[in-house]
Chemist: 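Below you will find the structure I want to go over with you.
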Amino acid sequence: MPNTFPKHNKLCGQERIAALYKEGKRFTAWPMRVTYQPTEEDTQVLVWAPKSLFKRAVKRNHLRRLMREAYRLHQDILGEQHYQIAFNYMDKEEQPFTVIEKAICKSLKKISEQS
RNA sequence: UGAGUAGGCCGGUCUAUCGCGCACGCGAGUGUGAGGAAAGUCCGGGCAGCACAGAGCACCAUCGCGGUUAACGGCCGUCAGGCAGCAAUGUUUGGUCCCUGCUACAGAGACGAGAGAUGUGAAACGAGCAUACGAUGGGCUGCAAUUCCAAGUAAACCGAUGUCUGAGCGUUGCUCGCGCGAGUCGGAGGGUAGGAAGCGUUAGAUUAAUGAUAGACGCCCGCAAGGGUACAGAACCCGGCUUACAGGUCUGCUCUCGAA
RNA sequence: GCGGUGUUAGCACAUCGGUAGUGCAUCGGCUUCCCAAGCCGAGGAGGCGGGUUCGAUUCCCGUACACCGCU
């Protein structure tokens with residue numbers, strides 16, 4: 001599986017996002033909260049950091065890019081099953097890439113094991 | 001030589017690997033991709049929709065003089081006063097008192113009155129000020145404007161009020177005047193929230209690209225190991241203002257001394 | 001993205017430019033065998049930085065934070 005992250009792998013649309021947060025399973029993988037559910041369609045991923053914790057848009061963008069990059073590099077952990085996944089950043093501090101990468105790996109393993 | 005002051009400019013560079021948006025291409029691929037403030041949204045335009053016979057009132061903004069501009073409340077020059085500084089310079093204020101009104105405490109008296117001195121007071125017949133007056137400008141709302149396509153629903157229900165003895169609507173805050181003329185207002189409830197244009201212009205997305213990792217160089221701190229490298233991220237586009245900002249650099253001017 | 005509102009005592013709110021008040025809460029006293037209620041008294045405040053003015057919570061500018069509306 002190539003380590004790419006094209007546009008159709010992004011989760012978008014108010015209805016889909018609302019449905020995921022309403023119906024999906026969730027757990028915490030510091031410094032993020034993960035919400036996911038299996039799906040028949042392509043795997044779609046949503047990544048964000050809240051404005052209430054990070055006032056400056058630069059920081060939010062940076063965190064989003066770090067999380068997205070970590071997912072892109074390790075998405076092959078998931079295997080054949082497709083999922084809708086949302087990662088939202090929770091910690092008050094900006095964590096470095098290595099920390100986020102670890103957390104993403106952990107949570108992806110957890111998802112693939114649980115289902 | 002040191003200190004200060006004003007203005008301008010820059011605000012990382014390169015390599016490797018893995019990626020993202022857009023354009024072109026059948027394809028391999030090629031080209032291109034954040035800022036001086038992109039920010040705050042404080043002004044001014046463009047642009048869009050609605051409206052516009054006319055009159056009056058209200059409301060908001062501006063306020064020495066001259067120039068600049070598409071326009072401005074910005075900028076440049078200049079005059080006068082206050083404040084800071086030895087100075088260069090910085091900063092701030094700037095229509096008028098005829099009408100309406102305010103000037104606490106103190107003081108005999110505070111804008112009313114016969115006048116003056118002393119004292120009081122920021123101000124004592126001289127005034128100062130704005131909510132007052134004058135001049136000039138302003139139709140209203142804003143790209144979540146607006147237009148189109150697709151999908152879908154509820155012309156139903158309850159209450160109030162009205163059909164020429166006229167409700168209400170438009171004239172954009174109000175009045176007059178003018179025009180329209182059978183519905184209108186409130187309650188509770190139902191549906192949708194996808195796509196395209198707007199937004200082409202050497203970024204142009206639609207939940208949002210411009211990134212990550214590793215190494216080298218430059219700069220700063222430190223004896224060294226090592227650490228740090230600002231403020232900050234386009235969402236229709238321009239001209240300004242304001243605020244944030246590590247460090248570097250150039251030019252003019254002022255004061256101070258000859259020197260560790 | 002666009003537009004609007006607010007910030008006053010621990011809390012909720014007042015205040016035409018002239019000594020910043022009210023209620024609840026807190027503390028002290030009176031009353032009571034003790035407590036509550038009641039009565040008397042006290043402490044405590046203008047988000048921050050400038051400007052106008054004799055004088056600013058009020059007017060003006062900047063800034064920080066919070067809240068609301070618009071597809």
Side-chain angles (χ1 to χ4, degrees):
Chain A
M1 188 181 287
N3 290 334
T4 60
F5 189 64
K7 205 169 174 182
H8 65 265
N9 283 130
K10 285 175 197 159
L11 178 63
C12 53
Q14 282 190 21
E15 283 183 22
R16 289 177 173 189
I17 293 168
L20 172 57
Y21 275 99
K22 197 179 175 187
E23 297 165 12
K25 300 175 184 175
R26 67 187 64 172
F27 60 89
T28 304
W30 183 87
M32 288 168 295
R33 188 188 297 146
V34 184
T35 311
Y36 74 98
Q37 64 180 8
T39 179
E40 299 297 315
E41 303 168 12
D42 281 345
T43 294
Q44 290 189 316
V45 175
L46 173 72
V47 156
W48 55 275
K51 193 173 185 178
S52 53
L53 294 178
F54 299 95
K55 286 273 174 210
R56 302 272 85 91
V58 182
K59 292 182 182 175
R60 293 199 302 276
N61 279 343
H62 186 64
L63 286 168
R64 193 174 68 233
R65 284 162 180 168
L66 288 177
M67 288 191 281
R68 193 187 62 200
E69 187 70 7
Y71 166 78
R72 182 180 70 77
L73 292 172
H74 300 288
Q75 58 182 304
D76 51 328
I77 293 173
L78 286 176
E80 293 299 313
Q81 178 66 40
H82 290 170
Y83 300 94
Q84 288 183 334
I85 313 176
F87 296 96
N88 43 321
Y89 198 87
M90 293 169 64
D91 199 66
K92 287 178 192 169
E93 305 291 323
E94 276 187 275
Q95 299 296 336
F97 179 72
T98 50
V99 174
I100 292 174
E101 194 179 20
K102 270 187 189 174
I104 293 272
C105 283
K106 234 180 168 180
S107 49
L108 289 178
K109 277 179 193 168
K110 197 169 178 181
I111 289 170
S112 62
E113 284 167 6
Q114 281 190 355
S115 55

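In what follows, chains are A, B, ... by sequence order, proteins preceding strands, each numbered from 1.
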Chemist: In whole angstrom, what separates A:R64's CZ from B:rG19's C1'?
Modeler: 15 Å

Chemist: Could you give the distance separating B:rG194 and B:rC140 at their C1' atoms, to the nearest angstrom?
Modeler: 32 Å

Chemist: How many whole angstroms separate atom CG of A:N9 from atom C1' of B:rU207?
Modeler: 16 Å

Chemist: Pick the nucleotide of RNA chain B nearest each of A:L11 and A:F5; which residue has the one closer to the 5' end?
Modeler: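 Mapping each residue to its closest nucleotide by heavy atoms, the 5'-most match is A:F5.
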
Chemist: Is A:R65 touching bases, backbone alone, or none of the nucleic acid, heavy atoms closer than 4.0 Å?
Modeler: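 Base, at least one base atom sits under 4.0 Å.
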
Chemist: Rounded off to whole Å, could you give me the CZ-to-P distance for the A:R60 and B:rG211 pair?
Modeler: 17 Å

Chemist: Output the rounded distance in Å from CD (A:E94) to C1' (B:rA232).
Modeler: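 Taking CD of A:E94 and C1' of B:rA232, I get 12 Å after rounding.
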
Chemist: For B:rA58, give the paired nucleotide (Watson-Crick: N1-N3 plus N6-O4 or O6-N4; G-U: N1-O2 and O6-N3; both under 3.5 Å), or none.
Modeler: none

Chemist: In whole angstrom, what separates A:M67's CE from B:rA208's P?
Modeler: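 So the two atoms are 12 Å apart, to the nearest Å.
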
Chemist: Expressed in whole Å, how much space separates the C1' atoms belonging to B:rU161 and B:rA135?
Modeler: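 Looking at atom C1' only, B:rU161 and B:rA135 are 49 Å apart.
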
Chemist: With syn defined as a glycosidic angle within 90° of 0 and anti as everything else, classify B:rA246.
Modeler: anti

Chemist: Grab the CG-P distance between A:N61 and B:rA38 for me, whole Å please.
Modeler: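 A:N61 atom CG is separated from B:rA38 atom P by 18 Å.
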
Chemist: Considering every strand shown, what is the Watson-Crick or G-U wobble mate of C:rG41 when both distances are under 3.5 Å?
Modeler: C:rC27

Chemist: NA contact type, A:K10, heavy-atom cut-off 4.0 Å: base, sugar-phosphate, or nothing?
Modeler: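 If one applies the 4.0 Å heavy-atom cut-off, A:K10 turns out to touch the sugar-phosphate alone, with no base involved.
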
Chemist: Taking C-beta and beyond as the side chain, do A:Q44 and A:T39 meet within less than 4.5 Å on heavy atoms?
Modeler: no

Chemist: Among the nucleotides B:rG233, B:rG19, B:rA212, which one has an atom lying closest to any side-chain atom of A:R72?
Modeler: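 Output: B:rG19.
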
Chemist: Could you identify the nucleotide paired to B:rG211, looking across every strand shown and requiring Watson-Crick or G-U wobble geometry with both distances under 3.5 Å?
Modeler: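 B:rG211 is paired with B:rC18.
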
Chemist: Report the base-pairing partner of B:rC65 (Watson-Crick or G-U wobble, both distances below 3.5 angstrom), or none.
Modeler: B:rG77

Chemist: OP1 or OP2 of B:rA212 sitting under 4.0 Å from any side-chain N/O of A:H62?
Modeler: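 A:H62 to B:rA212 OP1/OP2: side-chain N or O found under 4.0 Å.
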
Chemist: Whether the side chain of A:Q75 engages the backbone of A:T4 through a donor-acceptor N/O pair (distance < 3.5 Å, no angle test) should be reported.
Modeler: yes

Chemist: Once you apply the 3.5 Å cut-off to both distances, tell me the Watson-Crick or G-U wobble partner of B:rA196, or none.
Modeler: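 B:rA196 is paired, partner B:rU147.
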
Chemist: Considering every strand shown, what is the Watson-Crick or G-U wobble mate of B:rU13 when both distances are under 3.5 Å?
Modeler: B:rA216

Chemist: Take A:K59 and A:E69, find for each the nucleotide of RNA chain B with the closest heavy atom, and name the residue whose nucleotide sits nearer the 5' end.
Modeler: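 Per heavy-atom nearest nucleotide, the more 5' residue is A:E69.
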
Chemist: Return the value, rounded to whole Å, for the distance between atom NZ of A:K51 and atom P of B:rA208.
Modeler: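 Going from A:K51 (NZ) to B:rA208 (P), I get 16 Å.
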
Chemist: Could you check which nucleotide pairs with B:rC140 in any of the strands shown, counting Watson-Crick or G-U wobble with both distances under 3.5 Å?
Modeler: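 In the structure as shown, B:rC140 has B:rG49 as its Watson-Crick or wobble partner.
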
Chemist: Mind checking A:R68 for me? I need base, sugar-phosphate or nothing, with any heavy atom below 4.0 Å counting as a touch.
Modeler: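 A:R68: backbone/sugar contact only, no base atoms under 4.0 Å.
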
Chemist: State which of B:rA34, B:rA232, C:rA66 makes the closest approach to the side chain of A:K55.
Modeler: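 Among B:rA34, B:rA232, C:rA66, the one nearest the side chain of A:K55 is C:rA66.
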
Chemist: Scan A:L46 against the nucleic acid and name what it touches under 4.0 Å (heavy atoms): base, sugar-phosphate only, or nothing.
Modeler: nothing

Chemist: Look at the side chain of A:A57 and decide which nucleotide, out of B:rG233, B:rA212, C:rA66, has an atom nearest to it.
Modeler: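 Selected nucleotide (nearest to the side chain): B:rG233.
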
Chemist: Is there a side-chain contact between A:V34 and A:I85 (heavy atoms, below 4.5 Å)?
Modeler: yes

Chemist: Taking a pair as Watson-Crick or G-U wobble with both distances under 3.5 Å, which nucleotide is matched to B:rA132?
Modeler: B:rU96

Chemist: Can you tell if the side chain of A:L63 reaches within under 4.5 Å of the side chain of A:I100, non-hydrogen atoms only?
Modeler: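 They are in side-chain contact.
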
Chemist: Classify the ring geometry between A:F87 and A:Y71 as parallel (under 30°), tilted (30 to 60°) or perpendicular (over 60°).
Modeler: tilted

Chemist: Using the P atom in both, what is the distance from B:rG200 to B:rA205, to the nearest Å?
Modeler: 8 Å

Chemist: For the pair made of CD in A:E101 and P in B:rC18, what is the distance, rounded to whole Å?
Modeler: 17 Å

Chemist: What interatomic distance, in whole Å, is found between C1' of C:rG17 and the corresponding atom of B:rC102?
Modeler: 9 Å

Chemist: I'd like the C1' distance from C:rC61 over to B:rC57, given in whole Å.
Modeler: 32 Å

Chemist: Would you classify C:rG21 as syn or anti? Syn applies when the glycosidic angle is within 90° of 0.
Modeler: anti

Chemist: Taking the C1' atom of each, how far is C:rA20 from C:rA45, in whole Å?
Modeler: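 Result for the C1' pair: 9 Å, nearest Å.
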
Chemist: Taking syn as any angle within 90 degrees of 0 and anti as the rest, which one fits C:rG28?
Modeler: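 Because its glycosidic torsion lies more than 90° from 0, C:rG28 adopts the anti conformation.
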
Chemist: Is the base of B:rG112 syn or anti, if syn means a glycosidic angle within 90° of 0?
Modeler: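 Nucleotide B:rG112 adopts syn.
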
Chemist: Using a 4.5 Å cut-off on heavy atoms from C-beta on, say whether the side chain of A:K109 contacts that of A:K106.
Modeler: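 Side chain of A:K106 against side chain of A:K109, heavy atoms only: no contact under 4.5 Å found.
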
Chemist: Does a side-chain heavy-atom distance below 4.5 Å link A:I104 with A:M32?
Modeler: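 Contact flag for A:I104/A:M32 side chains = yes.
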
Chemist: Compare all side-chain heavy atoms of A:R64 with those of A:Y89 and state whether any distance is below 4.5 angstrom.
Modeler: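 Not touching, per the 4.5 Å side-chain cut-off.
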
Chemist: If we take the C1' atom in both B:rA196 and B:rA150, what is their distance in whole Å?
Modeler: 11 Å

Chemist: With a 3.5 Å cut-off and heavy atoms only, can you find an N or O donor on one side and an acceptor on the other between the side chain of A:R56 and the base of B:rC231?
Modeler: no

Chemist: Pick the P atom in B:rU192 and in B:rG152, then give their distance to the nearest Å.
Modeler: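 Result for the P pair: 10 Å, nearest Å.
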
